[in-house]
Amino acid sequence: MQTIAVNLPQHSYQIAIFPHGLQQLGSQLRQLPVGNKVLLVSNPTVFNYYGEIARQSLENAGFSLAVHLIPDGEQHKTLDRLAEVYDTALLHRIERSSTLIALGGGVIGDMTGFAAATWLRGVNFVQVPTTLLAMVDASIGGKTGVNHPQGKNLIGAFYQPCLVLIDPLTLKTLPPREFRAGMAEVIKYGVICDRPLFDALEQAPSLDSLEKLSPQLLETILQHSCQAKATIVSQDEKEAGLRAILNYGHTLGHAIESLTHYSQFLHGEAVAMGMVAAGEIARRLDLWTAADAQRQTQLIHKAQLPSQIPSHLKTNAILTALKTDKKVKDGTVRFVLPTANGQAIVEDGVTPEVLRTVLAEIGAISD
Ligand code: NAD
Ligand code: GLY
């Protein structure tokens with residue numbers, strides 16, 4: 001088992017990564033100062049695969065268990081569906097000392113975390129992520145919440161889990177497209193803060209499916225990505241500064257997701273296009289070389305992620321959508337840009353001319 005610490009002033013916790021970890025969920029939870037009642041939150045897809053293993057492990061460790069399933073899909077990340085989690089918590093008398101466990105991808109993790117943050121003003125919370133994206137990103141760092149009809153993740157809270165338990169074997173059933181989308185966030189860490197991870201990804205023959213990854217590379221990917229996120233969150237829990245670099249590729253990525261109504265691309269696919277754009281901007285601002293940008297694009301292609309934005313997206317529409325990004329400050333769009341020393345900065349000096357040129361270069365139609 002590998003463990004990584006997320007060190008925070010008030011809520012430090014461990015990320016435990018180990019194959020067959022799901023069978024140890026109950027015994028791992030027993031080591032924490034929590035009560036006997038557990039509410040396991042999942043969706044039918046994930047629960048069908050892993051629900052019984054989790055249930056048995058928890059019951060064998062003496063926990064009294066209730067289960068709540070949320071229908072599968074981002075469209076269910078709503079306040080209405082969250083209210084149903086509270087109904088189950090009430091029905092099963094979930095107490096202050098009880099634990100909510102999220103078994104699933106980022107949707108389940110974000111919703112369960114927000115339920116845990118708000119039920120009785122806060123109960124224990126454990127993340128058991130089952131997508132690559134949730135393992136390396138969403139389950140770590142305490143961002144929880146649901147969508148508002150007008151925008152993603154507008155309602156939420158910072159609320160840290162007391163344990164993140166990652167069982168890499170659960171990735172075996174993950175649809176390949178979801179796996180590739182998670183790989184975009186892995187490449188992100190390689191670019192913004194972890195050169196050895198970047199090098200390991202470059203040396204891999206393939207990044208586009210779990211089957212083609214060696215067990216050692218999967219271990220490296222999980223360990224380095226979780227460590228990168230833990231280090232950044234430990235330094236800046238509430239995103240006062242440094243944590244913003246985790247949004248590398250997300251400025252344009254969010255604009256693409258919103259303009260395509262969250263239906264054409266998975267989040268990681270949009271982030272991949274956003275990283276290519278950010279790399280090109282960095283090159284034009286002399287923060288990065290053409291060779292750096294080319295190496296990043298090669299990794300994105302190796303993971304079979306898109307590097308060009310769809311030709312029906314128009315430059316002006318993208319520029320308008322960029323203005324709704326959460327990082328906009330006093331009306332200026334801010335980009336996370338990679339730098340030559342393998343790090344990243346937040347830059348607000350990207351001119352509309354540079355943006356237009358880069359957007360044209362990566363496929364947007366000028367109008
Ligand atoms: P997801 O939770 O929708 O899961 C993707 C799909 O994979 C779903 O259909 C799910 O049922 C299925 N699935 C999950 N695990 C599986 C497994 N092991 N085998 C088979 N199928 C499996 O999507 P996601 O990409 O994990 O997460 C996206 C969500 O995460 C978004 O809502 C996003 O806002 C959020 N997010 C949060 C953070 C954060 O810091 N809190 C960071 C990034 C993303
Ligand atoms: N996924 C970005 C963050 O956790 O800050």
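All values below were derived from every heavy atom in this structure, side-chain atoms included, with hydrogens, water molecules and symmetry-related copies excluded. The first residue in the sequence is number 1, and the count goes up from there. Every number for a ligand or one of its atoms is a count from 1 in the order of the listing. Not measured: the values here are computed from a predicted model.
- Environment of NZ in Lys302: crowded, with over 12 heavy atoms of neighbouring residues, nucleotides or ligands closer than 6.0 Å.
- When each of Arg177, Arg180, Gln304 is checked for a side-chain hydrogen bond (donor to acceptor under 3.5 Å, both in side chains) with Glu269, only Arg177 meets the rule.
- When hydrogens are left out, the protein atom nearest atom 39 (C) of ligand 1 is Ala138 CA, 3.5 Å; that is the closest non-hydrogen contact.
- Only side-chain heavy atoms of Thr45 come within less than 4.0 Å of ligand 1; its backbone N, CA, C and O stay farther off.
- The single protein non-hydrogen atom nearest to atom 35 (C) of ligand 1 is Asp110 OD2, 3.4 Å, given as residue, atom name and distance.
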Go through the steps for Thr3 and Phe18 under the test side-chain contact (heavy atoms from CB on, under 4.5 Å), then give the verdict.
CA-CA 9 Å; Thr3 55; Phe18 59 116; over 6 Å; no
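- Residue-level proximity to ligand 1 for Lys172 is absent, since no heavy atom of it falls below 4.0 angstrom.
- Of all protein heavy atoms, the one closest to atom 15 (N) of ligand 1 is Thr130 OG1, 2.8 Å.
- Between Gln294 and Thr289 the shortest side-chain heavy-atom distance does not fall below 4.5 Å.
- Atom 19 (N) of ligand 1 has its closest protein heavy atom at Thr173 OG1, 2.7 Å.
- Between the side chain of Ser57 and the backbone N or O of Ile53, no donor-acceptor pair lies under 3.5 Å.
- Panel note: side chain Asn124, backbone Val34; no donor-acceptor pair is recorded below 3.5 Å.
- Ligand-side atoms of ligand 1 in range of Lys77: 31 (C), 32 (O), 33 (C), 34 (O), 35 (C), range being under 4.0 angstrom from any heavy atom.
- Of the candidates Glu257, Lys229, Glu178, Glu74, Glu74 brings a heavy atom nearest to atom 31 (C) of ligand 1.
- At under 3.5 Å, a nitrogen or oxygen of Asp72, whether backbone or side chain, sits near a nitrogen or oxygen of ligand 1.
- Using a 4.5 Å heavy-atom cutoff, the side chains of Leu299 and Met183 are not in contact.
- Less than 4.0 angstrom separates some heavy atom of Asn43 from each of these atoms of ligand 1: 10 (C), 11 (O).
- Scanning the protein for heavy atoms near atom 22 (C) of ligand 1, the closest one is Leu174 CD1, 3.7 Å.
- Grouping the Ile, Leu, Val, Met, Phe, Trp and Tyr side chains by contacts below 4.5 angstrom, directly or via other members, places Leu259 with Leu355.
- Counting heavy atoms from C-beta on, the side chains of Met135 and Leu171 come closer than 4.5 Å.
- Remark: ligand 1 atoms within the under-4.0 Å shell around heavy atoms of Asn153 are 34 (O).
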Worked check of side-chain contact (heavy atoms from CB on, under 4.5 Å) between Glu74 and Tyr262
CA-CA 9 Å; Glu74 181 78 31; Tyr262 298 93; 6.0 Å; no
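- Atoms of ligand 1 lying under 4.0 Å from any heavy atom of Pro175, numbered from 1 in the order shown and given with element: 20 (C), 21 (N).
- Ser42 places a side-chain N or O within donor-acceptor distance of the main-chain N or O of Leu103, the cut-off being under 3.5 Å.
- Looking at ligand 2, you won't find any N or O of Lys188 less than 3.5 Å from one of its N or O atoms.
- Panel note: side chain Asn247, backbone His250; no donor-acceptor pair is recorded below 3.5 Å.
- Of the protein's non-hydrogen atoms, Thr131 CG2, 3.2 Å is the one closest to atom 14 (C) of ligand 1.
- No donor-acceptor contact under 3.5 angstrom links the side chains of Glu84 and His76, judged on distance only.
- Nearest to atom 4 (O) of ligand 2 among the protein's heavy atoms is Lys229 NZ, 2.5 Å.
- No donor-acceptor pair under 3.5 Å is formed between the side chain of Arg284 and the backbone N or O of Thr357.
- Protein heavy atoms are found inside the 4.0 Å sphere centred on atom 43 (C) of ligand 1.
- Remark: ligand 1 atoms within the under-4.0 Å shell around heavy atoms of Tyr50 are 18 (N).
- Below 3.5 Å of separation, one finds an N or O of Val107 facing an N or O of ligand 1.
- Considering backbone and side-chain atoms alike, Gly106 places an N or O below 3.5 Å from some N or O of ligand 1.
- At a 4.0 Å heavy-atom cut-off, ligand 1 touches Leu133 through the side chain alone.
- When each atom of ligand 1 is checked for a heavy atom of Thr170 under 4.0 Å away, the hits are 17 (C), 18 (N).
- When hydrogens are left out, the protein atom nearest atom 1 (N) of ligand 2 is Asp137 OD1, 3.0 Å; that is the closest non-hydrogen contact.
- With Phe47 as the aromatic partner, Arg55 does not meet the cation-pi criteria of under 6.0 angstrom to the ring centre and within 45 degrees of the ring axis.
- Contacts with ligand 1 closer than 4.0 Å are made by side-chain heavy atoms of Val46 only, the backbone lying farther away.
- Neither the backbone nor the side chain of Leu171 has a heavy atom within less than 4.0 Å of ligand 1.
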